[in-house]
Amino acid sequence: MPSMPSPKQMVSALYGPDEFEEFVKEWIPALGSRYVLVERHGGTGDHGIDVAGYLSQQKLEGEWHNYQCKRYASALSWSTAVVEMRKMFVFAQAGHFTLPRRYVFVAPRFARTLQQTLAKPTDARSKFLTEWDSATEKFVTDLSAERRQAVKDLAAATDFSIFECADLDEVFELHRTTPHWAERFPHAPLSRGPDMIQPPAQHRADEARYVRHLLDVYRERYPGRVTDLEQVSSVEEADAHLKRQRVAFFAAESLRAFARDSTLPEYFDRLQEDVFDIVVEVAERAYPNGWERHAAVAEAAGSVQVTPTILTPFVQPLTRKGICHHLANGDRLIWCREEET
């Protein structure tokens with residue numbers, strides 16, 4: 001059976017121009033720039049803009065960045081890139097948009113000569129101006145002599161440090177941090193896992209229900225000693241137990257937030273269902289009290305085999321136990337039952 005192509009192989013060899021532009025559009029917000037909108041322009045009549053990142057509501061009339069997507073079998077060379085640069089100056093001079101603050105070529109690979117040329121902005125500008133008069137593209141040759149000179153003057157006044165290259169290795173590094181990565185490459189590993197959330201000193205609002213169910217357990221186990229949450233800390237065993245449960249809850253909460261922000265929320269939902277499908281059978285058995293029911297369910301949850309997803313490497317036994325409290329928040333698991341009291 002042939003192995004799955006790597007993400008880089010998929011993007012480099014299998015994506016068409018439209019899909020590649022969409023992939024780049026997904027990556028751009030992860031760069032950290034404060035874009036108010038990222039928008040694709042690719043296609044006929046795009047005026048040399050594939051994907052634009054707007055830094056203000058003025059969009060193309062304000063500050064913006066242009067991402068030029070070139071998915072070719074061969075490395076992107078100066079001779080190809082300069083055509084796009086000419087196009088940008090022609091349409092900017094014609095008033096279709098202001099000059100972008102950044103112009104980023106995105107391609108699977110770049111010719112070393114292109115990278116070396118753009119690494120020296122002054123030399124790149126000189127090379128561009130030298131070649132301008134002999135340009136043969138129709139959008140250049142159709143210009144009047146006056147317009148050609150105006151475009152050349154605009155280029156001569158521009159700092160060519162706006163032009164840069166971003167290869168796929170750089171793109172992938174950040175694309176992995178977006179929710180789109182798991183959707184596009186469900187079999188590819190993530191570069192990092194969730195950031196663990198430590199239980200805050202004060203209980204959060206989203207802890208209220210599962211903690212209430214645990215309080216019922218403590219009331220039942222320590223009658224007369226625990227009647228409300230404030231009294232739990234005065235009973236050493238109950239206090240230690242609650243602290244462990246909060247650590248477990250936030251281990252699961254860390255994964256839930258990670259799934260929401262870096263993969264797909266549905267993966268955490270699937271994980272919850274996997275845990276519930278197993279532990280509900282354990283929870284439905286008869287127990288002398290809620291303490292025993294919770295202990296049995298937590299033990300069963302710790303070894304649940306989960307459906308393989310991109311989250312699987314980060315699902316630890318503590319996470320599975322914490323999911324039980326997420327389920328208790330929705331009253332899908334209840335530790336104390338009236339018929340047993």
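The model shown is predicted, which means the values in this text are computed figures rather than measured ones.
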For Glu137 and Thr141, test the side chains for any donor-to-acceptor distance below 3.5 angstrom and give the result as yes or no. no
Would you please classify the geometry between the Tyr15 ring and the Phe185 ring as parallel, tilted or perpendicular, with 30° and 60° separating the classes? parallel
*In plain terms, say whether Asp169 and Lys8 are close enough for a salt bridge, that is, a side-chain N and a carboxylate O under 4.0 Å apart.*
yes
**Report entry** Basic-acidic side-chain contact under 4.0 Å: Arg40, Asp18
**Finding:** yes
task: Indicate yes or no: does Lys70 engage Glu84 in a salt bridge with an N to O separation below 4.0 Å.
output: yes
| task | Would you mind checking if Asp123 and Lys127 are paired as a salt bridge, meaning a charged N to carboxylate O distance below 4.0 Å? | result | no
dist Trp78:CH2 -> Thr113:OG1 (nearest 0.5 Å) comes out at 10.0 Å
Next item on the list: Establish, for the pair Arg332 and Phe276, whether the NZ or CZ atom is under 6.0 angstrom from the six-membered ring centre and no further than 45 degrees off its axis.
Entry: yes
Q. Side-chain contact, heavy-atom cut-off 4.5 Å: Arg102 with Asn66?
A. no
Do you see a donor-acceptor pair shorter than 3.5 Å between the side chains of Ser144 and Glu146? no
Closest heavy-atom pair, Ile197 versus Ser254, reported as atoms and distance to 0.1 Å, is N-OG, 2.7 Å
Aromatic plane relationship, His180 with His175 - under 30° parallel, 30 to 60° tilted, over 60° perpendicular = tilted
Partner of Phe89 under ring-ring contact (aromatic ring centres under 6.0 Å, His included), picked from Tyr103, Phe160, Trp132, is Phe160
Rounding to 0.5 Å, atoms CZ (Arg147) and CD (Gln149) come to a distance of 12.5 Å
Value for SG (Cys336) from OH (Tyr287), rounded to nearest 0.5 Å, stands at 13.0 Å
message = Grouping I, L, V, M, F, W and Y whenever their side-chain heavy atoms are under 4.5 Å apart, do Val275 and Ile334 come out in a common cluster?
response = no
Scanning both residues in full, the closest heavy-atom pair of Phe258 with Pro194 reads CB-CB, 3.5 Å
ring-ring contact (aromatic ring centres under 6.0 Å, His included) assessment of His241 paired with Tyr218
CA-CA 10 Å; His241 186 270; Tyr218 306 144; 5.6 Å; yes
Taking the six-membered ring of Trp291 as reference, does the NZ or CZ atom of Arg221 fall below 6.0 Å from its centre and within a 45° cone about the axis? yes
Problem set entry | Salt bridge Arg184-Glu26, side-chain N to carboxylate O under 4.0 Å | yes
#### Entry: Validation row: Leu99, Met88 side chains within 4.5 angstrom (heavy atoms)
yes
ask   = Please walk me through it: do Trp335 and His213 pass ring-ring contact (aromatic ring centres under 6.0 Å, His included)?
value = CA-CA 7 Å; Trp335 314 123; His213 286 307; 7.6 Å; no
The reported gap from CZ in Arg109 to CG in Asp167 (rounded to nearest 0.5 angstrom) is 10.5 Å
### Query
Taking 4.0 angstrom as the limit, do Glu266 and Arg270 come out as a salt bridge?
no
Could Glu253 and Arg204 be called an ion pair, given the rule that one side-chain N must be under 4.0 Å from one carboxylate O?
yes
Quiz item: Side chains of Gln68 and Asp50: is there a donor and an acceptor less than 3.5 Å apart?
Solution: yes
Any chance CD of Glu131 has more than 12 other-residue heavy atoms, nucleotides or ligands included, within less than 6.0 Å? yes
Residues Ser233 and Asp239: closest non-hydrogen pair is CA-OD1, 3.6 Å
One should read off an interatomic distance between Trp27 CH2 and Glu173 CD, to the nearest 0.5 angstrom, of 12.5 Å
Identify whether the distance between the nearest side-chain nitrogen and carboxylate oxygen of Arg225 and Glu237 falls below 4.0 Å.
no
(Q) What I'd like to find out is whether the side chain of Phe249 reaches to under 4.5 Å of the side chain of Asn329, using heavy atoms alone. (A) yes
| Less than 4.0 Å between a side-chain N and a carboxylate O, is that true for Asp274 and Arg320? | no
Note: with side-chain heavy atoms under 4.5 Å as the link, the other cluster members for Leu318 come out as Val247
